[in-house]
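Working notes, beginning with the structure itself.
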Amino acid sequence: MDIEKLRSDLEAHNGMPGLEILGPTQVDDAVRIFYRDGFVMVRDVLDADQVRFLRAGCEREAEEVVAKHPDGKGIRGNYRYSWGGASLTNSVLHREEWVMLVDLPTLTPILTAIFGSSDYHLRRAAGDFCLPGAIEYQRLHADIGDFPGGFFDPRGITTIRDLPCPVVCCNFLAQDFTKTNGPTRQIPGTQHSREKIPELAEEPLWMKYSTVCPAPAGSVLIRDIRAWHGGTPNLTDEMRAIPNAIFLAPWFHERQLPSMPREMFDLLSEHGRRVCEPVVADGPLETGYTFDPVLARKKKFA
């Protein structure tokens, strides 16, 4: 691959035309854009101190994950990793940096407005990161399907894409999104699409360049997980980290592993405790990362 040509192309073309980045008080606009496009970007959800705190936590936890996968193959592609995919609990809710993300006063009003209720609940908090060397595009994908994603119509009439938004993922920017450090690409309006998601070789260039950049650290990308999205090349010499918190609509339920220790639960506000009640552990919690977390989680569910 010609890295310099790729860098030149990204610098010239990368970034979604007309991308709106809102402030946290623009709740009505955030809801409107979210339901129109399947995602919305909101700045200043984290202040400078919170960004530094989160970034340090991301670097610490990334070292632990990479130590379990030292060959660079990653979990989501070469040099692409998932904290949740490597975690024994499918979350990082045993760390304060991630607990902070589930109970932010700057974000709660927007989530409440999106769901039309404050009775939404936490699915998990984890996220992804990519290292220098992640020079390939990740295929466009959605994060939920009809089965076993929590919804199945045996008549074959209604799909999960016909429903109101069931799951919202909030990806927090632990650094700026630039044209060349692997910003997420989002395809607007695809949250209800029944079209086949294109393979990389079929994907038009405009989709490859449809990235949510530039955007400042401390922002959050709030997305309907049914919308098409994917990773892009990180051509810098630094990690790009997007820790997340994922929330379920009040009417949507999935079985969850206990993932939040009681001492972390006690740090939350009253609202935060209601949101996190489904994932708090009643007893000791085994945490950490493993080379085969899927097998480990299956044993815990058994």
Side-chain angles (χ1 to χ4, degrees), residues 6 9-11 13-22 30 33-34 36-43 45-46 51 54-55 58 62 74-85 101 107 125-144 165 167-191 193 197-198 200 203-236 238-247:
L6 177 59
D9 289 343
L10 292 178
E11 288 176 347
H13 304 292
N14 211 15
M16 187 180 299
L19 174 66
E20 295 181 74
I21 302 180
L22 305 179
I33 293 171
F34 177 86
R36 182 191 70 192
D37 295 342
F39 64 92
V40 64
M41 181 72 82
V42 181
R43 67 179 184 274
V45 169
L46 300 172
V51 170
L54 182 60
R55 180 68 189 192
C58 288
I75 298 173
R76 301 287 172 82
N78 291 337
Y79 298 98
R80 295 188 184 278
Y81 302 84
S82 164
W83 280 294
L101 303 178
L107 182 58
D128 302 319
F129 64 96
C130 64
L131 300 179
I135 60 174
E136 298 170 342
Y137 279 87
Q138 182 187 39
R139 185 193 169 190
L140 286 172
H141 60 282
D143 286 343
I144 195 170
C165 177
V167 186
V168 170
C169 179
C170 298
N171 287 115
F172 299 87
L173 275 60
Q175 67 295 299
D176 295 345
F177 264 180
T178 71
K179 294 186 175 187
T180 57
N181 73 345
T184 304
R185 72 190 189 283
Q186 290 274 164
I187 309 305
T190 51
Q191 67 272 29
S193 175
I197 300 177
L200 271 175
E203 189 179 333
L205 278 177
W206 77 263
M207 288 189 180
K208 285 192 166 69
Y209 296 142
S210 184
T211 54
V212 285
C213 78
S219 299
V220 62
L221 171 60
I222 306 171
R223 57 186 183 85
D224 182 329
I225 68 170
R226 299 173 296 181
W228 304 357
H229 63 285
T232 66
N234 179 4
L235 304 185
T236 71
E238 294 185 345
M239 173 180 72
R240 189 275 292 137
I242 44 171
N244 72 21
I246 305 176
F247 302 93

With side chain to side chain contact (heavy atoms under 4.5 Å, CB included) as the test, would you mind laying out the steps for Leu46 and Leu101 before giving the verdict?
CA-CA 9 Å; Leu46 300 172; Leu101 303 178; 4.3 Å; yes
Restricting to ring-ring contact (aromatic ring centres under 6.0 Å, His included), what partner residues turn up for Tyr81, sequence neighbours left out?
Phe129
Can you check whether Leu10's main-chain N or O pairs, donor with acceptor, with Lys179's side chain at less than 3.5 Å?
no
Donor-acceptor pair between Asn14 and Thr211 side chains, under 3.5 angstrom:
yes
Of all the heavy-atom pairs spanning Leu140 and Ile197, show the shortest one and how long it is.
O-CG2, 3.4 Å
Heavy-atom pair of closest approach, residues Phe172 and Val45
CE2-CG1, 4.1 Å
Measure the spacing between CZ of Phe39 and CD1 of Ile33 and express it to the nearest 0.5 Å.
9.0 Å
Where do Glu203 and Tyr137 land on the side chain to side chain contact (heavy atoms under 4.5 Å, CB included) test, with the steps shown first?
CA-CA 11 Å; Glu203 189 179 333; Tyr137 279 87; 5.6 Å; no
Sequence neighbours excluded, the answer for ring-ring contact (aromatic ring centres under 6.0 Å, His included) partners of Tyr79 is none
Look up atom CE in Met16 and atom CD in Gln186, then write down how far apart they are to the nearest 0.5 Å.
6.5 Å
Taking Asp176's backbone N and O only, do any of them form a donor-acceptor pair with Asn181's side chain (distance below 3.5 Å, no angle check)?
yes
Under 3.5 Å, side chain of Asn234 to main-chain N/O of Thr236, donor-acceptor pair present?
yes
With Arg223 via side-chain hydrogen bond (donor to acceptor under 3.5 Å, both in side chains) - residues at least two apart:
Asp143, Asn171, His229
For a side chain to side chain contact (heavy atoms under 4.5 Å, CB included) check, start with the C-alpha distance between Thr180 and Glu11, then their side-chain angles and the critical distance, and finish with the verdict.
CA-CA 7 Å; Thr180 57; Glu11 288 176 347; 3.8 Å; yes
Nearest heavy-atom neighbours spanning Ile242 and Phe177
CG2-CZ, 3.6 Å
Identify the two heavy atoms, one from Gly38 and one from Ala227, that lie closest to each other, and give their separation to 0.1 Å.
O-CB, 4.0 Å
CG-CG distance between Leu205 and Asp9, expressed to the nearest 0.5 angstrom:
8.0 Å
Between SG of Cys169 and CZ of Arg226, what distance do you get to the nearest 0.5 Å?
14.0 Å
Ignoring hydrogens and geometry, is there a side-chain-to-backbone donor-acceptor pair from Ser210 to Ile187 under 3.5 Å?
no
Over 12 foreign heavy atoms within 6.0 Å of CD, Glu238:
no
Stepwise side chain to side chain contact (heavy atoms under 4.5 Å, CB included) check, Val168 with Ile222:
CA-CA 7 Å; Val168 170; Ile222 306 171; 3.5 Å; yes
Begin with the C-alpha distance, continue with both residues' side-chain angles, and end with the deciding distance and a verdict on side chain to side chain donor-acceptor pair (under 3.5 Å) for Gln175 and Arg55.
CA-CA 8 Å; Gln175 67 295 299; Arg55 180 68 189 192; 2.6 Å; yes
Within a strict 4.5 Å, meaning less than it, do heavy atoms of the Pro216 and Leu173 side chains meet?
no
Can any side-chain N or O of Lys208 pair as donor or acceptor with the backbone N or O of Arg185 at less than 3.5 Å?
no
For the atom pair SG (Cys170) and CG (Leu107), what is the distance rounded to the nearest 0.5 Å?
4.5 Å
Could you tell me which non-hydrogen atom of Trp83 sits nearest to which non-hydrogen atom of Ala62, and how far apart they are?
NE1-N, 3.5 Å
Scanning both residues in full, the closest heavy-atom pair of Ala217 with Val51 reads CB-CG1, 4.0 Å
Just verifying a value: how many Å separate Phe34 CZ and Cys165 SG, rounded to the nearest 0.5 Å?
4.0 Å
